[in-house]
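Here is the structure we will look at.
Computed from a predicted model, the values in this text were never measured in an experiment. Any value given below was found using the heavy atoms of this structure, including those in side chains, with hydrogens, waters and symmetry copies removed. So that the names make sense, note that chain A is the first sequence line, chain B the second, and so on, each numbered from 1.
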Number of protein chains: 2
Amino acid sequence: MYRIGELAQRYEVKTDTLRFYDKHGLLIPSSRSESGYRIYTEADAERLRFILRAKAIGFSLTDIAELLSIELDKSNWACADVKGVVDIKLADVEAKIAELNYFKASLQRLSDACCGGPESAEHCSILEALESNSSAVKCENQTHDHDQSHYGKNCQNRP
Amino acid sequence: MYRIGELAQRYEVKTDTLRFYDKHGLLIPSSRSESGYRIYTEADAERLRFILRAKAIGFSLTDIAELLSIELDKSNWACADVKGVVDIKLADVEAKIAELNYFKASLQRLSDACCGGPESAEHCSILEALESNSSAVKCENQTHDHDQSHYGKNCQNRP
DNA sequence: TATAACCTTAGAGTTGAATCTAAGGTCAAG
DNA sequence: CTTGACCTTAGATTCAACTCTAAGGTTATA
């Protein structure tokens, strides 16, 4: 039997968060004290661990609510249902990774083309790439010239 | 010279979005008509292209505002400033990718351990993993047994 | 019995990037 | 001269997942 503060401390969440989970039906404490304090049982704590674990794996609270409703009524669901939730999330995460890898490549191309030195940005290849219509990034040694050796191995696309 | 609707259509954004960019200082139209209509010039359109390109690369509107303020006053900034913005974003994107890869691995482990069949979820290894305290995912063939050949090459962690 | 540390509630605020609503003004075509 | 497509504004709403505030009630300890 825990009060909200104890449970919060034990699982390193804010009491606000537990109240939020209560209000949204994810974790409604098994009972209340006479004065209205939330009383959490060990089973409630288990449910919280389930929530936190699922959250750590990347599920949204909506996903978790779905998982919990299956969990509470397992025998009326099939493995396929559960795996479905996981696989949708997996596809989701994979799509996000692909998108971010695309961003990363774009940023890397920009970064590599720029000397990063104290020179004026008037001929900065990053700004020029953002101004131009093409997706090509021109290297800076073609526009302002300086001793690039100071600034590391930039501009991967030089001849 | 474009009115808001024309510019919006040309670049496939909503007029709302352009008004939002106006209000937030990202793209203030060069002039207004007598009746107060926003009038965008070709230079404004160019600036919009800059914004959209930067957005596609994954910059937030705040990042873009910074990039634009450098762009407008290039000669008073160094390449290092510009590259700084890009490199911070790059680190950011890399961190997000790493986190998502971690999520992906967790989800993959869960998915692989579950048969995904029409069997009752009572012994579903996904739910069991979420219930248990360990991060290990036990394979289902140890709990409910069925002809797994129907459901593909699941449960990578079997003996 | 007073003080501090707890607990309660309803409701507002946060972030980012729009998107929507209401109430109204402008303009070209028929 | 009216219809409909456009434009204006301020301000509200959306999404997720909290986080915070104000105003007050409870409980353990000195």
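Residues from residues 86-105 of chain B lying near DNA chain D, meaning a heavy-atom separation below 4.0 Å, are absent. For the contact set between residues 13-38 of chain B and DNA chain C, defined by any heavy atom under 4.0 Å, the members are B/K14, B/D16, B/T17, B/F20, B/Y21, B/S35, B/Y37.
Rounded to whole Å, atom P of C/dA17 lies 13 Å from atom CG of B/L52. Going from atom CD1 of B/I4 over to atom P of C/dT19 covers 13 Å, rounded to whole Å. For the pair A/E6 CD and C/dC7 C1', the computed distance is 12 Å after rounding to whole Å.
Residue B/C115 holds its SG atom at 12.5 Å from CG of B/D112, rounded to the nearest 0.5 Å. With rounding to the nearest 0.5 Å, the separation of CD1 in B/I51 from CG in A/L130 is 10.5 Å.
Looking at A/Q108 and B/E94, their side chains come closer than 4.5 Å, going by heavy atoms from C-beta outward. B/R38 places none of its side-chain heavy atoms less than 4.5 Å from the side chain of B/R3. By the 4.5 Å heavy-atom criterion applied to side chains, A/L18 and A/Y40 are counted as neighbours.
The span of DNA chain D lying next to chain B, judged by atoms under 4.0 Å from heavy atoms, is bounded 5' to 3' by D/dC6 to D/dT9.
Counted within 6.0 Å of CD on B/Q9, heavy atoms from surrounding residues, nucleotides or ligands total 12 or fewer; the atom is thus considered open. In B/E42, the CD atom is crowded: over 12 heavy atoms of neighbouring residues, nucleotides or ligands sit closer than 6.0 Å.
Annotation: of the two residues near DNA chain D, A/F59 and B/I39, the 5′-most nearest-nucleotide partner is B/I39.
Ion pairing between a basic and an acidic side chain is recognised when a charged N comes within 4.0 Å of a carboxylate O; B/R19 and B/D22 show no such pairing. A salt bridge links B/E131 and A/K74; the closest N-O separation between the charged side-chain nitrogens and carboxylate oxygens is under 4.0 Å.
Summarising the geometry of A/Y11 relative to A/L48, their closest heavy-atom pair is CD1-CD2, 3.7 Å, with the distance given to 0.1 Å.
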